[in-house]
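Lettering follows sequence order; numbering is per chain, from 1. The structure presented is a predicted model; accordingly, all values stated were derived computationally and were not measured.
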There are 2 protein chains.
Amino acid sequence: MEYLNDMALFVEVVKARSFRRAAETLGMPNSTLSRRIGLLEKSIGLRLLHRTTRRIELTEAGQLYYERSKRIVEEARIAHEQLGEMVARPSGVLRVSLPVDFATTYLAPLLPEFAALYPGMTFDFDLTPRNVDLVAEPFDLAIRMAAPQTPNLIARVIARFTPRLYAAPGYLERNGEPHHPSELERHECLTMQNIGSWILHREAETVEVKVGSRFRGNSVAMIRRLATLEMGITAIPERVVVEELANGQLRRILPEWQLAPTSAYAVTETRLLPAKTQRFIEFLRERLREA
Amino acid sequence: MEYLNDMALFVEVVKARSFRRAAETLGMPNSTLSRRIGLLEKSIGLRLLHRTTRRIELTEAGQLYYERSKRIVEEARIAHEQLGEMVARPSGVLRVSLPVDFATTYLAPLLPEFAALYPGMTFDFDLTPRNVDLVAEPFDLAIRMAAPQTPNLIARVIARFTPRLYAAPGYLERNGEPHHPSELERHECLTMQNIGSWILHREAETVEVKVGSRFRGNSVAMIRRLATLEMGITAIPERVVVEELANGQLRRILPEWQLAPTSAYAVTETRLLPAKTQRFIEFLRERLREA
DNA sequence: GCAGATTGCGCCATTTTTGGAATAATCATT
DNA sequence: AATGATTATTCCAAAAATGGCGCAATCTGC
């Protein structure tokens, strides 16, 4: 079963009708070519071509073998070219698993442009909080808000978020506006699940404050809604609340302070990705570098 | 263009749904298999299968590649099996170039049996005294009465002839019967072209006698005919004149003496022969060992 | 004819590939 | 949860393939 490469060499020799020319087009020394063909013949126990130094002629067996081989080699070449196209030209269905919030806030606005860029692509988004199994399920890509600790998964940062603090004017009127992070501990701080404290930065200064409230959720949209409903202070990237800021539903507080940046990751099972996936990640990185 | 073998390995891995099992059926260490598949993936720039240590799953690219590859590999396997059959089961046309005398005297009687042995074979005999070019002309085999001095031609002895001396009774009556080789010089000795002397053996004794006559020919049949027509003494293998001996046309003389054996050769362009040629040579060697 | 050019093949130092053992990682079972 | 079994991958010494080079043989242009 180790004769398949030699088959391709044989086809090339027959096509070129010469060892030397075949070796040239193949980019290999003719000593190698000659030996490989000789070994192929020995392995099947038949001489495939009569050779003089000036001319080569197919034997009966060689004729038969060539007729079959050239088709086989050609088909193999096509199969590889097709794969090559997958690497070069984005097409087909891109299956992405990603969090709802990321999809609606960050991805959705970018999609029309990306889709227009690559007309051959279609999209299949699975908006789910769970961490899908990239190996078992047919996803090309997952977007995660935290780097996966699983080994043999490749994670690339596609966006860095710097959450800042926002609250509804009504909430601030009722509870007062904090002027230093330390004051946050006595406020309602709307946080995502599993978050116990905020680490706040101002220039080189860093303050960690324990935060908490009666409301927690795993949805940024939910947190934001709670904030506009004057339920508390939230730490959230600016882009998420740009509309609420514009119409006055929310107002930034402690404007000199910001939280430690968090990142969004494009997670894949491998680095050897088809073009559709590569371009998508590339595009997101470019557009979301500093979100 | 060096990925064709790896394609076969990939197909095997997919079929076995496991590297280990595939390596087993392929008879290779799984370390090699793993590395080869990995290199294949790297060379095309796409991952073909998602692997955990427990399960193998095709990627989209892998699925596509497998669909194409399995057909290609299967066809290649069939092509090789077909060649294998050419080695194993003799079939097709056997083209032989051989001398007329060998054909009529030695080969013809054997042909019915050989032809019956291999019904798939047909025969094309070219009876010619010239030395055909085995490389340029489509002959599978040439039978020669002398070893070719050309290199890169393979000659196998298929028969050894021990010529003995015969003459027609009428000739002997007229010219007397010699009782020692030395007497031959004054006889009409019918020889093949280019033969100047006979080397005669009796036990360990050797005598060389200059021979010659008014008749020479390159045909044994011609020489034999001249002998029966009482034109002289001839040195010829017994089998050639068995009929003439039986009906008294010829008689053996100097019965204790015989000429140096000569050989008939099966000459081919290579040792890598299809079954039809191999079996033919084999058959001739068996039946003509001591002619 | 004859000389130069071309071609296939054998030889051997060098590079590449291989294969067994160790390692990492996953799944089933307790 | 933890253990044990199974499996893919990595590492490194050993084996194999490679590729200039020279040789022998042949063909082409003069």
Side-chain angles (χ1 to χ4, degrees), chain A residues 1-6 8-10 12-14 16-43 47-59 62 131 133-137 148-154 269-272, chain B residues 1-6 8-10 12-14 16-43 47-59 62 133-136 148-154 269-272:
Chain A
M1 211 50 162
E2 279 295 315
Y3 37 67
L4 232 53
N5 279 340
D6 297 337
L9 300 186
F10 169 71
E12 203 54 50
V13 170
V14 175
R17 308 202 75 79
S18 149
F19 274 70
R20 198 192 64 77
R21 279 197 297 278
E24 204 164 316
T25 58
L26 285 164
M28 61 162 54
N30 48 14
S31 60
T32 303
L33 184 59
S34 172
R35 207 160 358 89
R36 292 280 290 272
I37 299 291
L39 256 53
L40 172 67
E41 290 179 324
K42 194 168 284 182
S43 88
R47 185 139 280 220
L48 296 171
L49 12 94
H50 291 302
R51 330 148 160 56
T52 62
T53 51
R54 287 313 259 201
R55 205 191 358 264
I56 53 175
E57 307 232 7
L58 284 166
T59 64
N131 280 17
D133 183 350
L134 282 169
V135 178
E137 297 178 64
Q149 65 276 41
T150 326
N152 71 24
L153 283 184
I154 314 297
E269 195 267 336
T270 167
R271 291 191 193 282
L272 298 170
Chain B
M1 209 52 161
E2 280 296 313
Y3 35 67
L4 231 54
N5 279 340
D6 297 337
L9 301 185
F10 169 71
E12 203 54 48
V13 170
V14 175
R17 305 202 75 79
S18 150
F19 274 69
R20 196 193 63 77
R21 280 198 297 278
E24 201 164 316
T25 57
L26 285 164
M28 61 163 54
N30 50 10
S31 60
T32 302
L33 184 58
S34 171
R35 202 161 0 85
R36 293 279 291 272
I37 299 291
L39 256 51
L40 173 67
E41 289 177 325
K42 193 168 282 180
S43 88
R47 185 141 279 221
L48 296 172
L49 6 99
H50 293 302
R51 352 189 187 336
T52 63
T53 52
R54 293 307 264 203
R55 203 188 2 261
I56 299 274
E57 304 253 358
L58 283 166
T59 64
D133 184 350
L134 281 169
V135 178
Q149 65 275 44
T150 326
N152 71 24
L153 283 184
I154 314 296
E269 196 267 333
T270 166
R271 290 191 193 282
L272 298 169

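Nucleotide D:dT9 holds its P atom 14 Å from the CG atom of B:L9, rounded to whole Å. Spacing between atom CG of B:L33 and atom P of C:dG20 amounts to 14 Å, rounded to whole angstrom units. Here D:dT18 presents its C1' atom at 15 Å from CD1 of A:I37, a figure rounded to the nearest Å. Note: CZ (B:F19) to P (D:dT7) measures 13 Å, nearest angstrom. Between the P atom of C:dT26 and the CD atom of A:E269 lies a distance of 10 Å, rounded to the nearest Å. Protein atom CE of A:M28 is 19 Å distant from nucleotide atom P of C:dT15, rounded to whole Å. When rounded to the nearest whole Å, the span between CD of A:E57 and C1' of C:dG8 equals 15 Å. At whole-Å resolution of the value, NZ in A:K42 and P in C:dC9 are 12 Å apart.
Remark on DNA chain D: of its neighbouring residues A:P29 and B:R35, the 5'-side contact belongs to B:R35, judged by nearest-heavy-atom nucleotide. Residue-to-nucleotide proximity on DNA chain C shows that, of B:S31 and A:N30, the 5′-proximal contact is made by A:N30.
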Test B:E41 against B:R51 for salt bridge (Lys or Arg N to Asp or Glu O under 4.0 Å), laying out the working first.
-> CA-CA 13 Å; B:E41 289 177 325; B:R51 352 189 187 336; 2.7 Å; yes
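If you take CG on B:D6 and CZ on B:R35, they are separated by 11.0 Å, rounding to the nearest 0.5 Å. One distance of note links CG of B:L4 with CG of B:L9; it measures 10.5 Å at 0.5 Å rounding. Here the straight-line distance linking atom CD of B:E12 with atom CD of B:E24 works out to 11.5 Å at 0.5 Å rounding. Taken from CD in B:E57 to OG1 in B:T52, the straight-line distance is 8.0 Å, to the nearest 0.5 Å.
Of the side-chain N and O atoms in B:T32, none sit less than 4.0 angstrom from OP1 or OP2 of C:dT18. Contact annotation: A:R51 does not reach the phosphate of C:dT7 (side-chain N/O to OP1 or OP2, under 4.0 Å). A sub-4.0 Å separation between OP1 or OP2 of D:dT7 and a side-chain N or O of B:R20 is present. OP1 or OP2 of D:dT18 sits under 4.0 Å from a side-chain N or O of A:R36.
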